[in-house]
Amino acid sequence: MRITVIGCGYLGATHAAAMAELGHEVLGIESDPVKRQQLTEGRVPIYEPGLSDLLSHHVASGRLRFTDSWAEVADFGDLHFLCVGTPQKAESLAADLSQVESAIEGLAAHLTRPAVVVGKSTVPVGTAERMARRLAEIAPAGSDVLLAWNPEFLREGFAVEDSMHPDRIVLGVTDGRAEKVLREFYGPLIDAGTPIVVTDFATAELVKVAANAFLATKISFINAMAEVCEATGADVVDLADSLGYDARIGRRFLQAGIGFGGGCLPKDIRAFVHRAGELGVEDAMSFLRHVDDVNQRQRGRVVDVAQAMVGGLAGARIAVWGAAFKPDSDDVRDSPALSIAGALSLRGAQVSVYDPRANDTARVAFPTLVYAESAVDACLDADLVLHLTEWPEFRNITPDHLDRVVSRRRIFDGRNALDLEAWRTAGWTARALGRP
Ligand code: UGA
């Protein structure tokens, strides 16, 4: 089918490349001229495993192109996927929907023939209904232009894999024609056994924020338990392992540590709280404020632990391993690792950061920190090493790599991913959140 992808950031670029791989003809529209030029040359402006190869392959095959023209987009596509960002507003917890609104306005004016506009962006419940009304008002083709809501659940680091093998397809529709076209479009995935839920707009919008709210709650639950573990001498890793064997609970997203960050979970739970307030169900969602508080508290706890370990932050030399909000990503949006590094620096520590992929993005966000060329370089004369993003390469570093590099043999594991016993046996002081 001939489809367009509106907004070619992390979500849109992945969707565009993955749908070309499924056999569709894809035209992406991207307003940022620098990004558009990179994409047109088959280059991906972000680090995402597998995406660069897939995108360059389909740019070369001619199945994937990019433009900045709404008229061309409207003329080309039968299906238009809306993949623009919905960041948190600067002045409140709410989601900023300006990109969604301007995309609908920009596209609708050119829709002179039947088409389905498919929202994939994460939006507050009620947005789809509002956008459907705008489309009907503006589009010259009137009721032949349909809206559907089809939330995206892909994870950074696994975006290609999640797009090619989604664990479910959710379609919010109000018209059987939209469902028919989308079932045809996703035919290869549905034939491969992907479950599909066809529902109304509101449910489709809610599934996405509810999923992220649940995941955030699970992480904050185990981090709250980590605080209890510290007060009692219990071990949060053994606790999580034991809880995880209960199939009703499961071990995933029970990894205690410095908490969640990124461009999705934090802003989505805040936007959800805000929207719940508008809908008069604030009390029902107020627990998400605690989820956010527990999450933010982890960052402060690490600063306190670091201070206690070095005996005063002013002038202390601290190595920080990791800047990305999670491994296999160069994304530093709301990254707990970078936020901790910044807080330590503001309190007078000399912080040297190393991330295998995110040094450059981190430097843009936090130019005043020092960025090292390797994990070992970051540790030169360090009084303390902080492991804050669990890249596999950090787990491969053993005490003997660092014994003669650091000034003091102290390490803190903010992700509960290192072998603390091995470090202690080698004579290091090793600590973690929620562990004796
Ligand atoms: C999240 C969701 O997992 C995706 O399903 C969703 O599609 C996406 O948001 C989105 O809304 O677009 P992502 O932001 O890529 O995906 O990252 P996650 O893998 O969910 O991790 C989020 C944060 O939680 C990371 O900072 C990670 O380090 C942290 N985390 C995760 C923990 O601290 N503990 C855990 O056990 C798991």
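All ligand and atom numbering here is 1-based and tracks the order in the structure. Values below: all heavy atoms of this structure, side chains included; hydrogens, waters and symmetry mates excluded.
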Is any side-chain N of the basic residue among [X] and [Y] closer than 4.0 Å to the acidic one's carboxylate O?
{"X": "K180", "Y": "E184", "result": "no"}
{"X": "K267", "Y": "D96", "result": "no"}
{"X": "E156", "Y": "R333", "result": "yes"}

Atom-level proximity to ligand 1, residues with heavy atom under 4.0 Å: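 These residues qualify: E152, F153, L154, R155, E156, K208, N212, L215, I219, F253, L254, Q255, G259, F260, G261, C264, L265, D268, F325, K326, R415.
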Under the ring-ring contact (aromatic ring centres under 6.0 Å, His included) test, residues paired with H24 that sit two or more places apart: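 With sequence neighbours excluded, H24 shows a ring-ring contact (aromatic ring centres under 6.0 Å, His included) to F185, given in chain and number order.
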N150 and Y186: side chain donor to acceptor below 3.5 Å: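 Present: a donor and an acceptor within the cut-off.
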R65 to F76, cation-pi by 6.0 Å centre distance and 45° axis angle: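 Yes, R65 lies over the aromatic ring of F76.
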